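What you are looking at is a predicted structure, and each value in this text was computed from that prediction instead of being measured. Quick note: numbers below take in every heavy atom, side chains included, and nothing from hydrogens, waters or symmetry partners.
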Amino acid sequence: MGTIKMSGLKLHTYPNNYRANKALIAAAYAGVAIDVPAFEFRKDNKTPEFLRLNPMGKVPCLETPKGGIFESNAIARYVARLRADSGLMGGSFYEQGQVDQWLDFSANELEPARNVWLYPFIGVMQFNQKAYTEAKKDVERIFGILNQHLLHHTYMVGNQVTLADIVLVSALADLYAKVLAPEFIAPFANVTRWFNTCINQCAFVKVLGKFEFATEELKVAGGAKKEEKKEKKPEPKKEEKKPEAKKEEAGDDEPAAPKKPKSELDLLPPSPMILDNIKRLAFSQPPFYNNFFPELWPQFDGEGWSWWLARYNYNADNKIYFQTCNLLGGFLQRCDSVRRYSMGVHVLTGNPDEETPPFSVFGAYMFRGDKVPKEMLEDNPDAEYYTWSKLDWKSEAGQAKLLELFTAEKVEGEHVLERRYMK
C-alpha cells in the first residue's frame with residue numbers, strides 16, 4: 001500500500017503519548033504520512049497558534065490543511081478514513097458500528113481505569129490506595145469482557161486489524177509493560193494472544209518499538225521504601241541505641257518518601273459536620289437519596305463548608321455527545337486529591353436525541369472551607385476550564401439550584417443526558 005502525502009498534516013503531542021499512538025499506528029496501516037514536530041508540553045500548547053487549533057489546549061491535536069482536529073479517537077478516525085481501502089473502519093455498516101462500539105468502550109471503560117492505575121507513576125495523579133484498588137478491579141473486569149469476546153475472534157472486529165484493535169492496544173500497552181504481572185494476565189490468555197498478534201505486526205512495531213512485558217507489577221516508589229524501613233527496625237539490639245536508630249531511619253526515609261504536607265483545609269477549625277456521614281446519607285438510596293437536602297440543611301455547617309457552581313467555559317463548542325461525556329469522566333477521574341474534602345455532581349445537558357448540539361456541562365460541589373480549594377484548582381488540570389461561583393445555600397434560589405443539579409430531569413431548561421456523582 002503506497003503512502004499518502006498530505007501537505008501540513010502534523011500531529012502535535014509530547015513523546016510516548018498513548019493517545020497519539022492511536023493515530024500514528026492507524027497512519028502506518030493506511031500509508032498516511034504524518035509529521036510529528038518537536039513539542040514542549042505546558043508551553044507550546046498555551047500559544048495562540050495552538051489554541052486556534054484546539055481551544056482546550058490539550059494534546060494530541062492534528063493540524064490539517066483545513067484546521068485542527070482534537071480528541072484522540074476523532075483524530076484516529078480521521079486518519080483511518082483517509083484510506084477507505086485499508087479496512088480500518090470495518091468492511092460493512094455493522095462492522096463500522098462495532099468499531100465505534102469498541103472505541104467508546106476504550107474511552108469510557110478502559111482508559112479511565114488505566115489512567116488511575118498508571119498516572120501516579122508519572123506524577124500526573126497522586127497515589128490513592130482506594131482509587132488504585134478500584135482501578136485494578138475495573139481493569140480485571142474489562143479483561144474478562146475482552147477475554148470472552150476474543151475466545152471466538154482473532155481480532156476485535158472482522159478478520160483483520162481495525163481501528164478497534166489499534167485503540168485498545170494503544171491503551172493497554174503501558175499496562176502490559178509496567179503493571180500487569182504474569183499472575184494477573186494468566187486467566188486472560190485470549191487477550192494476551194490477541195495483544196501479541198497485534199504488537200508484532202509492522203505498523204505497531206513502527207510506533208511502539210520492540211515490546212517487553214512486565215515481569216512484576218511496578219509499585220509506587222514510596223511504598224517500596226517503607227518496606228525497607230520495616231526490615232531495618234529489628235536491627236538495633238541495645239535499648240540505649242534505639243533512639244539513635246530511629247533518628248537515622250527517619251532521616252533515611254525523608255528524601256525517598258517525604259511526608260505529605262498538611263493541606264490548609266486540615267488546619268481549619270473543626271467542623272461538627274462529618275463528610276463521611278453526609279456522603280452516606282446522600283448515597284444511601286442509589287443513585288441519590290431523594291430527601292437528602294431537606295435532611296442536610298438543618299445540620300449544614302455553613303462556617304466550615306461552602307457550595308459552589310461550576311460552569312464549563314466552552315459549552316458552545318460541545319458538538320459531539322460522546323466526546324462531551326468524556327469531559328465528565330475525565331474531570332471526576334482527576335478529583336482524587338479533593339475527594340476527602342468534597343462531594344458533588346457533574347451533569348451533561350442537551351437535546352434528548354443525543355445528536356443535536358450543543359451540549360452543556362455543569363457541576364455543583366460542596367467544599368471544606370469558604371473557597372474552592374487548591375486540591376481542586378491546582379491538582380485537577382480540568383478545573384481551569386470552568387467558571388466557579390459561590391452559591392448562597394441559605395437562599396431558596398441556591399437550594400433550588402442544588403436540587404436541580406443533583407436530581408432534576410432538566411437543568412436550565414435542558415434535558416439531563418448524563419449525571420455523575422463525586423462520592
Side-chain angles (χ1 to χ4, degrees), residues 15-22 25 72 102 105-156 161 164-201 204-205 207-232 253 256-257 260 329-330 333-334 336-337:
N16 303 317
N17 181 351
Y18 84 92
R19 291 187 171 96
N21 289 344
K22 302 173 184 179
I25 297 170
S72 62
W102 290 114
F105 177 85
S106 180
N108 298 324
E109 303 294 337
L110 170 60
E111 293 177 45
R114 169 212 184 272
N115 295 343
V116 171
W117 194 346
L118 288 173
Y119 277 179
F121 297 110
I122 58 175
V124 175
M125 182 182 293
Q126 186 177 11
F127 178 80
N128 178 282
Q129 182 64 43
K130 183 179 178 181
Y132 157 78
T133 301
E134 291 300 315
K136 196 170 182 178
K137 287 180 181 177
D138 287 342
V139 171
E140 187 173 12
R141 175 180 59 83
I142 289 162
F143 264 64
I145 293 170
L146 294 175
N147 201 62
Q148 182 60 36
H149 177 76
L150 291 164
L151 178 62
H152 304 291
H153 300 84
T154 303
Y155 300 105
M156 295 305 300
V161 167
D165 303 284
I166 292 170
V167 166
L168 286 167
V169 168
S170 296
L172 289 170
D174 282 343
L175 286 171
Y176 267 112
K178 296 177 180 178
V179 296
L180 298 187
E183 58 267 25
F184 182 97
I185 65 176
F188 309 113
N190 300 325
V191 181
T192 303
R193 180 265 306 158
W194 157 80
F195 183 82
N196 255 318
T197 299
C198 292
I199 61 171
N200 284 295
Q201 296 199 26
F204 283 89
V205 174
V207 176
L208 301 179
K210 184 180 179 181
F211 194 85
E212 294 185 8
F213 287 84
T215 56
E216 60 182 1
E217 180 184 349
L218 182 66
K219 298 287 188 179
V220 175
K225 291 295 180 182
K226 288 179 181 177
E227 289 176 6
E228 292 175 13
K229 179 180 174 181
K230 288 181 181 179
E231 292 175 0
K232 292 179 181 179
D253 280 355
K260 180 184 175 184
Q333 288 289 346
R334 297 174 174 89
D336 280 345
S337 61

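To the nearest 0.5 Å, atoms CD (E216) and CD (E183) are separated by 9.0 Å. Between the CD atom of E134 and the CD atom of Q129 there is a distance of 10.5 Å, given to the nearest 0.5 Å.
In this structure, the side chains of V169 and I199 come closer than 4.5 Å at one or more pairs of heavy atoms. Looking at T192 and Y176, their side chains come closer than 4.5 Å, going by heavy atoms from C-beta outward. Side-chain contact between V179 and L118 is present, with heavy atoms from C-beta onward closer than 4.5 Å.
Nearest approach of Y18 to E111, heavy atoms of both residues: OH-OE1, 2.8 Å. Of all heavy-atom pairs between P182 and A214, the closest is CD-O, 3.9 Å. Of all non-hydrogen atoms in I142 and L110, the two that sit nearest each other are CD1-CA, 3.5 Å. Taking all atoms of both residues into account, the shortest heavy-atom contact from K22 to S72 is NZ-OG, 3.0 Å. Taking every heavy atom of both residues into account, A164 and M156 meet most closely at CB-CB, 4.0 Å. The shortest heavy-atom contact between V167 and S106 is CG1-OG, 3.6 Å.
Environment of CG in N16: sparse, with no more than 12 heavy atoms of neighbouring residues, nucleotides or ligands closer than 6.0 Å. More than 12 heavy atoms of other residues, nucleotides or ligands shown are found within 6.0 angstrom of CD on E217.
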Taking it one step at a time, do D138 and R114 satisfy salt bridge (Lys or Arg N to Asp or Glu O under 4.0 Å)? CA-CA 9 Å; D138 287 342; R114 169 212 184 272; over 6 Å; no

Start with the C-alpha gap between L180 and F143, add the side-chain angles, then the distance that decides, and say whether side chain to side chain contact (heavy atoms under 4.5 Å, CB included) holds. CA-CA 11 Å; L180 298 187; F143 264 64; 3.5 Å; yes

Test side chain to side chain contact (heavy atoms under 4.5 Å, CB included) on Q201 and V161 and set out the steps. CA-CA 10 Å; Q201 296 199 26; V161 167; 3.7 Å; yes

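The side-chain contact (heavy atoms from CB on, under 4.5 Å) test with T133 singles out one residue from K136, K137, K130, and that residue is K137. Between W194 and the choices T154, N147, L168, the side-chain contact (heavy atoms from CB on, under 4.5 Å) rule is met once, by L168. The side-chain contact (heavy atoms from CB on, under 4.5 Å) test with C198 singles out one residue from D165, I166, I25, L172, and that residue is D165.
Note: Y132 and F127 have tilted aromatic rings, judged against thresholds of 30 and 60 degrees for the angle between ring planes.
A salt bridge links E109 with R141: the closest approach of a Lys/Arg side-chain nitrogen to an acidic carboxylate oxygen falls below 4.0 angstrom.
Here F211 and F195 bring their ring centres to under 6.0 angstrom of each other.
Judged by distance alone, the side chains of Y155 and T197 never bring a donor and an acceptor atom under 3.5 Å apart.
Not a single donor-acceptor pair under 3.5 Å links the side chain of N21 to the backbone N or O of S170.
A search for ring pair (Phe, Tyr, Trp, His ring centres under 6.0 Å) contacts involving H149 returns W102, H153, not counting sequence neighbours. Qualifying salt bridge (charged side-chain N to carboxylate O under 4.0 Å, His left out) partners for R193, counting only residues two or more places apart in sequence or in other chains: none.
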